[in-house]
Asks: 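I'd like to ask some things about the structure below.
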Amino acid sequence: MIIIHAGLTVQKNKEEAFLAEVKTLVEASRAESGNIQYDLKKDTEKEATYMMVEVWENQEAVQNHNTSEHFVAFGKKAASFMAAPTDVKVYAGEQVK
């Protein structure tokens, strides 16, 4: 299992536009084969700061996601919304049963 935390700092005046665009990304990503979780969380202490929490079955699912039409399209638009570079952290995980 691959877990990705992508920290997103959005320009305050572009937050509504960001949220509209990211909704399409989240919905399409959740429908992808190999996706376990894909959620956008808002920071409770910092304005216009978000964390994308992704869980994928394996690295192949991540690679397929990163080249998907919806991810590439969002990536092209994302720079116009961001106030800072995306902070991505990737973890390998095992489900505890």
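The shown structure was predicted, so the numbers you read here are calculated from the model rather than taken from an experiment.
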Asks: Would a distance-only check, ignoring hydrogens and angles, find a side-chain to backbone donor-acceptor pair under 3.5 Å from Glu54 to Tyr38?
Replies: no
Asks: Show your reasoning for whether salt bridge (charged side-chain N to carboxylate O under 4.0 Å, His left out) applies to Glu15 and Lys42.
Replies: CA-CA 11 Å; Glu15 195 169 6; Lys42 185 170 176 141; 2.9 Å; yes
Asks: So do Leu8 and Met51 actually touch side chain to side chain, heavy atoms under 4.5 Å?
Replies: no
Asks: Taking C-beta and beyond as the side chain, do Val72 and Lys76 meet within less than 4.5 Å on heavy atoms?
Replies: yes
Asks: Are any of the side-chain heavy atoms of Glu47 and Lys12 separated by less than 4.5 Å?
Replies: yes
Asks: Which atom names give the shortest non-hydrogen contact between Ala61 and Ser33, and what distance separates them?
Replies: CB-O, 4.1 Å
Asks: Give the intermediate values and the outcome of side-chain contact (heavy atoms from CB on, under 4.5 Å) for residues Val55 and Ile4.
Replies: CA-CA 6 Å; Val55 182; Ile4 300 172; over 6 Å; no
Asks: For His65 and Ser29, work out which heavy atoms get closest and say how close.
Replies: CE1-OG, 3.1 Å
Asks: If you compare all heavy atoms of Ala79 against all heavy atoms of Gln11, which two are closest, and at what distance to 0.1 Å?
Replies: O-NE2, 4.5 Å
Asks: So how far is it from Leu25 CG to Ser68 OG, rounded to the nearest 0.5 Å?
Replies: 7.5 Å
Asks: Going by the rule salt bridge (charged side-chain N to carboxylate O under 4.0 Å, His left out), which residues pair with Lys77 if we only count those two or more places apart in sequence or in a different chain?
Replies: Glu21
Asks: Quick one: does Glu32's side chain have a donor or acceptor within less than 3.5 Å of a partner on Trp56's backbone?
Replies: no
Asks: Report yes or no: does Thr24 contribute a side-chain atom to a donor-acceptor pair with the main-chain N or O of Val22 at less than 3.5 Å?
Replies: no
Asks: Check the surroundings of atom CD in Glu60: do more than 12 heavy atoms from other residues, nucleotides or ligands lie under 6.0 Å from it?
Replies: no
Asks: Could you go step by step and tell me if Leu40 and Phe18 meet the side-chain contact (heavy atoms from CB on, under 4.5 Å) rule?
Replies: CA-CA 12 Å; Leu40 181 69; Phe18 163 78; 4.1 Å; yes
Asks: Quick one: pull up CD in Gln59 and CG in Asn66 and give me the separation to the nearest 0.5 Å.
Replies: 8.0 Å
Asks: Does Thr86 form a side-chain contact (heavy atoms from CB on, under 4.5 Å) with Met52? I'd like the steps, not just the answer.
Replies: CA-CA 10 Å; Thr86 303; Met52 188 70 76; over 6 Å; no
Asks: To the closest 0.5 Å, what do you measure between CE (Met82) and OG1 (Thr9)?
Replies: 8.0 Å
Asks: Testing Val62, Ile2, Ile3 for side-chain contact (heavy atoms from CB on, under 4.5 Å) with Val90, which one passes?
Replies: Ile2
Asks: Please step through side-chain contact (heavy atoms from CB on, under 4.5 Å) for the pair Val53 and His5, ending with a clear verdict.
Replies: CA-CA 5 Å; Val53 179; His5 290 175; 4.0 Å; yes
Asks: Any luck finding a side-chain donor-acceptor pair between Gln37 and Asp39 under 3.5 Å?
Replies: yes
Asks: Counting distance only, does the side-chain N/O of Thr67 pair as donor-acceptor with the main-chain N or O of Asn64 below 3.5 Å?
Replies: yes
